[in-house]
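Throughout, protein chains are lettered first and strands after them, A, B, ... in sequence-line order, and every chain is numbered starting at 1.
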Number of protein chains: 2
Amino acid sequence: MSGGPHEARAAGRRGGGRPARRAGARCTRDEILGAARDCFAERGYDRATIRGIAAAAGVDPALVLHYFGSKEHLFGDALKVPVEPGQVLRRVMDQRIDDMGPTMVRTFLEAWEPEESRSPLVAMVRSAMTNETAMALVREYLGRRVFGPITQALGAPDAELRATLMGSQFIGLAMMRYIARIEPLASASVDELVAAIGPTMQRYLIGDLGGGASVGG
Amino acid sequence: MSGGPHEARAAGRRGGGRPARRAGARCTRDEILGAARDCFAERGYDRATIRGIAAAAGVDPALVLHYFGSKEHLFGDALKVPVEPGQVLRRVMDQRIDDMGPTMVRTFLEAWEPEESRSPLVAMVRSAMTNETAMALVREYLGRRVFGPITQALGAPDAELRATLMGSQFIGLAMMRYIARIEPLASASVDELVAAIGPTMQRYLIGDLGGGASVGG
DNA sequence: CGTACAATTCAACGCACGTTGAGTTCATCC
DNA sequence: GGATGAACTCAACGTGCGTTGAATTGTACG
């Protein structure tokens, strides 16, 4: 099931590594994907249109469907996150425990700063707000790839709460800085934000949360 | 300009305080507003439809436009926030300075917890993600009614950064708890969250942000 | 009673959307 | 050099949307 005609990939297949059919206009598929990422990021799932994406890529709307089958499928493919969370986590976990909070903030910001990796992330957050499919996708993804490992690494009984607290500060930061672009947060330097938010993360990671047990009592 | 036929209000005008024309079905306008709030909150501006709102209110779609003129105008009216920020701020500012952070968190949560006041807030956040008008509206509103007063009260040179840092934690909390409903944050008690996030707010309010002066150098 | 007018509905408009299927072009393979 | 099949376009479909204007209902006032 779900084996639409769009499943067949463009290059390869026949000759081995030969160029695709149309000379000079080969990587159309990737251009569509890029345009889709931009549009989804800029407008969210619902306001982004196949027609708009096609126009941005300079092709016919039908070609988009030819490659990706449906808008929802295109969205799924455009959402492939350019940041490998496992790798990110390893980098953070390699730090001395006292530096983990600030390192998390810096790593997070470095993932968001470049324009090309920001797009799919903005698309993810923005679309998750209105689209149930996107929301479920994001929730599952974050749970399995981000919060899960952190929870496991922490080992504390309230690890899951800690992980989601960190998530809340991160998602809020992303929204204010990259989506709503509210000043002066939008223009603050990475160092400034690491200094400001790092301790928050540190506390959520291993500090006393006051409600339970760990340190203070 | 913008003086559409919908501007004229329902009751009053002629006799003084007499009931409206149609007996038994008087407060239709308010029911439409309520349905609009629910729909905007549940689906966001774009996915919410006039037809859906009308159906939820049990009336004809045309009646919605008759009262509110346009979808955008209806959205504006539905967005009237049930929380008076000035009043909230006064409550916070009345605290001893050491308790202001936790009090802010508690006040914030108490504004979001009740279902009837949560709807327009969720609508606000959700719609601001995809709709440019809503985003501008929210940004202007927050700036003038929330961040502005806080900034002024703090008096510090980095007050604006502090205000937006607080905003980022709040918006992230709202998204994780009330919109994405990610556990265990979604089910944590208010007290638990006040204990966990209160110190964060306190630090953003008057603590050392590390980037400038006191410690860390 | 008759006029006036708010409340409400009905039927339709034009538009933009996602999607489809048939058609065209062109590099490759026998 | 004809067959193949991918890359790509064109024209159209059905649907649901926001919005409109005329028509209907029912109450209050002269």
Side-chain angles (χ1 to χ4, degrees), chain A residues 2 4-33 35-36 39-40 43-55 57-76 131 133, chain B residues 4-33 35-36 39-40 43-55 57-76 130-131 133:
Chain A
S2 89
H6 55 284
E7 297 275 351
R9 253 0 193 277
R13 285 295 282 271
R14 314 245 322 252
R18 278 201 211 70
R21 316 296 144 197
R22 205 57 155 275
R26 289 176 49 262
C27 45
T28 315
R29 206 192 118 102
D30 288 346
E31 272 184 44
I32 293 174
L33 253 185
C39 286
F40 283 133
R43 320 175 64 93
Y45 182 85
D46 293 301
R47 288 173 75 91
T49 68
I50 296 277
R51 287 164 145 93
I53 290 166
V59 301
D60 191 273
L63 189 62
V64 179
L65 278 309
H66 171 71
Y67 276 130
F68 298 96
S70 73
K71 184 181 181 182
E72 193 153 326
H73 205 116
L74 170 62
F75 178 72
N131 186 268
T133 304
Chain B
H6 56 282
E7 297 274 351
R9 255 0 192 279
R13 285 295 281 272
R14 315 246 322 255
R18 276 200 213 71
R21 315 296 145 199
R22 204 59 154 272
R26 290 174 49 261
C27 46
T28 314
R29 205 192 119 101
D30 289 346
E31 271 185 45
I32 293 174
L33 254 185
C39 287
F40 283 133
R43 320 175 64 94
Y45 182 85
D46 293 300
R47 288 174 75 92
T49 68
I50 296 277
R51 288 164 145 89
I53 290 166
V59 301
D60 190 274
L63 189 61
V64 179
L65 278 310
H66 170 71
Y67 277 129
F68 299 95
S70 73
K71 184 181 181 182
E72 193 154 326
H73 205 116
L74 170 62
F75 178 72
T130 51
N131 186 267
T133 304

Answer yes or no: does a side-chain N or O of A:T49 lie under 4.0 Å from OP1 or OP2 of C:dA16? no

B:S70 side chain N/O closer than 4.0 Å to the phosphate oxygens (OP1, OP2) of D:dG18? no

Using whole Å, report how far CG of A:L65 lies from P of C:dC17. 13 Å

Could a donor-acceptor pair under 3.5 angstrom be found where the side chain of A:R51 meets the base of C:dG18? yes

Roughly, in whole Å, what's the span from CG in A:D46 to P in D:dT15? 20 Å

Within this structure, what is the CD1-to-C1' distance between B:I32 and C:dT9, rounded to whole angstrom? 12 Å

Could you report the tightest heavy-atom contact between B:E31 and B:A57, atom names first, then the distance? OE1-O, 3.9 Å

Taking only side-chain N and O atoms of A:Y67, does any of them lie within less than 4.0 angstrom of OP1 or OP2 on D:dC8? yes

What is the distance, rounded to the nearest whole Å, between atom CZ of B:R29 and atom P of C:dA7? 10 Å

Return the value, rounded to whole Å, for the distance between atom CG of A:L63 and atom C1' of C:dG18. 15 Å

I need the minimum non-hydrogen distance between A:I53 and A:I32, along with the two atoms involved. CG2-O, 3.9 Å

B:I53 CD1 - D:dC17 C1' separation (whole Å): 12 Å

How long is the line joining NE2 of B:H66 and P of C:dA6, in whole Å? 8 Å

Residue pair A:R47/A:A62 against DNA chain C: nearer the 5' end by closest nucleotide is A:R47

Please work out if A:A48 contacts a base, only the sugar-phosphate, or nothing of the nucleic acid, heavy-atom cut-off 4.0 Å. sugar-phosphate

From CD1 of A:I50 over to P of D:dC13, roughly how many Å is that when rounded to an integer? 21 Å

Does some side-chain heavy atom of A:L33 sit less than 4.5 Å from a side-chain heavy atom of A:Y67? no

Provide the closest heavy-atom pair for A:A54 versus A:V64 in the form atom of the first, atom of the second, distance. CB-CG2, 3.8 Å

Can the positive tip of B:K71 be found less than 6.0 Å from the middle of the six-membered ring of B:F40, inside 45° of the ring normal? no

